Undergrad: 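Please find one structure pasted underneath; my questions will follow.
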Protein chains: 2
Amino acid sequence: MVARSSRVTIHDVARAAGVSVSTVSKALNDTGRMASETREKIKSIAADVGFRPNALARSLLFNRSFTVGLLTNDTYGRFTLPLMSGISEALVDHGVSVFLCAIEDDPELAKVHVDAMLDKQVDGIIATGKRIDRSLPVDLAGLPVPVVYAFTEGVPGSVVLTADDADGARLAVERLRKVGRRKIVHVTGPDSFVSAVERADAFRQAVGAGAVVMHGTWTEGWGHEAVALLWDDEKPTPDGIFCGNDQIARGVVDALRERGVRVPEDVSIVGFDNWEIFADQTRPALTTVDMNLKELGRTAGLTILDLAEGRSVEAGLRKLPCKLVVRQSCGGDREI
Amino acid sequence: MVARSSRVTIHDVARAAGVSVSTVSKALNDTGRMASETREKIKSIAADVGFRPNALARSLLFNRSFTVGLLTNDTYGRFTLPLMSGISEALVDHGVSVFLCAIEDDPELAKVHVDAMLDKQVDGIIATGKRIDRSLPVDLAGLPVPVVYAFTEGVPGSVVLTADDADGARLAVERLRKVGRRKIVHVTGPDSFVSAVERADAFRQAVGAGAVVMHGTWTEGWGHEAVALLWDDEKPTPDGIFCGNDQIARGVVDALRERGVRVPEDVSIVGFDNWEIFADQTRPALTTVDMNLKELGRTAGLTILDLAEGRSVEAGLRKLPCKLVVRQSCGGDREI
DNA sequence: AAATGATGAGAAAACGTTTTCTCACGTTGA
DNA sequence: TCAACGTGAGAAAACGTTTTCTCATCATTT
């Protein structure tokens, strides 16, 4: 009405084939009764003129937009991009596209984005954050579409996906044990983070009596500081350090090198996150726990699809397993 | 037809108000002739029942989906996320949402995503990559919608946006000069990158005769190596180093510290990228060139909007200015 | 008092699909 | 020869909007 599309519509195909639009539709969708020559002829003509059905029209009809919204509060993209990649990968086969909205902790902005997505009739919304113990600054309860939470707190009765922190900690300790380490400490982030606590608890359980956990910040600086605390002390120094993230691990490795302590010969280090930009560039490269973010994204995508298509999904917190990526900082990468 | 929407439509509002749908539409859009009491009454009823127009239906009518596609080949998100944030910020006010598609260098996948976006009638596509001298593995010429390229090579006659590398280099040298540095070298990435070459050329021009440019890789390791080359040499050592990215800068700073060379007292360092995860965590924190990615994203968003709405835009390569972010690695942060 | 004009509101068409319903035609069987 | 049936294809409605057109109704002017 306002503008005229230059795109080829089903009417153009019908005209070119000398049949009605209904016949074209049935021919292309392999539905209805029809002489098979007619069907083939129409298909070939449609291909010739480059017809592609207008998804908007179908959406209107089916009340399904084949679109989901990804709401993220993780400005930096550390989590969002791998997650996004997994979601997209899982959904592209189903013809579903993803709206990405960065809300930058702004409730107003979040509301605007959510409204825009609802207006565009998204089939579902995936909400992601940085922490499982913080919720987004917008209420997603009672929306007319399903919602899946990933790495952020969900409302009661919702589906929440996260990495299994305890599993990650166990993998790390297991590895350190395997390379013969016996005096292992855990240097991690603040105990105000649920994931830091869960990893710490699993660490304590795996290590047993005398387990040492040092809470600090998620920074390289804290890695340095922790090494200073451990080595300047009178007590015997550890031979294995499990770090709460790769930045801390980087700090620890650097601090040890400065002290002339060799990694991995004297001390084995395991990081957490497999943030390649850190893990790969640290010398030696970090053996680290990977949270399988892409797989988590894939799961989130498939889950939202299940919900959108009316299949029931078990509510509650679902923790997905981690995996260990072996590089050099832990040692034993050849002999095991 | 297939499923029945539980959402409230304009018909529901019409019924509730005891008027026709046309009247409701006109009332809500402030068009048509109508008693102002009627208009207000309808507006209030619409608000009461929570009516929000179905964007799909409008899109179908206007042949405008208020949606753009962002095609990215930058898996890691270093460029994509800030860009995305800027695009989104610029477009959200216009009611435009963004489809994000990560194509991971796969031509097949790219084609699938582009087709999906076209089917969904995007108003335009923004294509982004990592390098201005490489094109995406998919041909975006001749599409029925406008395309804007950012940080990737465009087809002839297209609109291409990128950061002004030469400007960035000039800002860096200017700063180093201002803090009194006279013997400045440039340690950067491979000369197979156009942006490395452009920065190097601008660097040479700014520094004048005797300018030293060292090409290597974009890694911390090269930063270390370059310092070794410079300091192990017989020649006098530089008092200022402009690095091609923050990772190299990080390597340089660390290597200098290991040699007992003080930064910024003895040598001033300027990085490039303002990748906060590096720039902020380096000790001392890096003074570095910021490519204004968010602003670039904003420009890309507004440009695609102009194109989508039929306003003409000058084709060709458009270089946006950089800015210098001052931290501690260059010195002079107080006295200037 | 009749013709003109202004005002308010509804009917219908349009956007591009899919699906249900209807119908004409030709074939088969009695 | 006629009824019953199967087959192929089109007409129309529907999805939720917006917009153009038409038409009452009522007030104003001659």
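Bear in mind that the values here come from a model prediction, so they are computed numbers and not experimental data.
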Undergrad: Going by an N to O cut-off under 4.0 Å, is there a salt bridge joining A:Glu104 and B:Lys294?
TA: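 Looking at A:Glu104 and B:Lys294, the cut-off is met.
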Undergrad: Hey, which of B:Arg58, B:Arg7, B:Arg52 is the one that makes salt bridge (charged side-chain N to carboxylate O under 4.0 Å, His left out) with A:Asp119?
TA: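 The salt bridge (charged side-chain N to carboxylate O under 4.0 Å, His left out) with A:Asp119 is passed solely by B:Arg52 among B:Arg58, B:Arg7, B:Arg52.
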Undergrad: Indicate the atoms forming the closest heavy-atom contact of B:Leu91 with B:Gly301, along with that distance.
TA: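 Residues B:Leu91 and B:Gly301, closest heavy atoms: CD2-O, 3.4 Å.
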Undergrad: Could you check how far NE2 of B:His11 sits from C1' of D:dC15, rounded to whole Å?
TA: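 After rounding, the gap between these two atoms is 10 Å.
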Undergrad: Would you mind reading off the distance between B:Asn54 atom CG and D:dA14 atom P, rounded to a whole angstrom?
TA: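 Nearest whole value for this atom pair: 18 Å.
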Undergrad: Find the distance between OG1 (B:Thr80) and CD1 (B:Ile126) and round it off to the nearest 0.5 Å.
TA: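 Interatomic distance, B:Thr80 OG1 to B:Ile126 CD1, rounded to 0.5 Å: 11.5 Å.
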Undergrad: Among the nucleotides D:dT17, C:dT17, D:dG10, which one has an atom lying closest to any side-chain atom of A:Lys26?
TA: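 Shortest atom-to-atom distance from the side chain points to D:dG10.
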Undergrad: Assign B:Arg52 to base, sugar-phosphate, or nothing according to its heavy-atom contacts below 4.0 angstrom with the strands shown.
TA: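 Counting heavy atoms under 4.0 Å across all strands, the contact made by B:Arg52 is with sugar-phosphate only.
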Undergrad: At under 4.0 Å, does any side-chain N or O of A:Arg58 touch on OP1 or OP2 of C:dG16?
TA: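 Looking at the OP1 and OP2 atoms of C:dG16, neither is under 4.0 Å from any side-chain N or O of A:Arg58.
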Undergrad: Rounding to a whole Å, what distance do you find between B:Ile10:CD1 and C:dA14:P?
TA: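 For the pair B:Ile10 CD1 and C:dA14 P, the rounded distance is 19 Å.
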Undergrad: Of the nucleotides C:dT18, C:dG16, C:dT19, which one has an atom closest to the side chain of B:Leu60?
TA: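 Given the options C:dT18, C:dG16, C:dT19, the side chain of B:Leu60 is closest to C:dG16.
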Undergrad: Determine: side-chain N/O of B:Thr23 to OP1/OP2 of C:dG10, distance under 4.0 Å, yes or no.
TA: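 For C:dG10, OP1 or OP2 has a side-chain N or O of B:Thr23 closer than 4.0 Å.
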Undergrad: Heavy-atom contacts under 4.0 Å between residues 29-48 of chain A and DNA chain D, which residues?
TA: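 Contacts with DNA chain D under 4.0 Å: A:Arg33, A:Met34, A:Ala35, A:Thr38.
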Undergrad: Kindly say if A:Ser20 contacts the phosphate of D:dG10, meaning a side-chain N or O under 4.0 Å from OP1 or OP2.
TA: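 The answer is yes; a side-chain N or O of A:Ser20 sits under 4.0 Å from OP1 or OP2.
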Undergrad: Determine the interplanar angle of the A:Phe99 and B:Phe99 rings, folded into 0 to 90°, and report it as parallel if under 30°, tilted if 30 to 60°, perpendicular if over 60°.
TA: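 Because their plane-to-plane angle is under 30°, the rings of A:Phe99 and B:Phe99 count as parallel.
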Undergrad: For a side chain to side chain donor-acceptor pair (under 3.5 Å) check, start with the C-alpha distance between B:Ser20 and B:Thr23, then their side-chain angles and the critical distance, and finish with the verdict.
TA: CA-CA 5 Å; B:Ser20 72; B:Thr23 305; 3.0 Å; yes
Undergrad: Which nucleotide sits closest to the side chain of B:Phe62: C:dT17, D:dT17, D:dT19?
TA: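 The listed nucleotide nearest to B:Phe62's side chain is D:dT19.
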Undergrad: With nearest nucleotide decided by heavy atoms, which residue, B:Ser22 or A:Ser22, maps closer to the 5′ end of DNA chain C?
TA: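 It is B:Ser22 whose nearest nucleotide is closer to the 5' end.
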Undergrad: Apply side chain to side chain donor-acceptor pair (under 3.5 Å) to residues A:Lys120 and A:Ser65 and explain how you reach the verdict.
TA: CA-CA 8 Å; A:Lys120 291 186 174 116; A:Ser65 65; over 6 Å; no
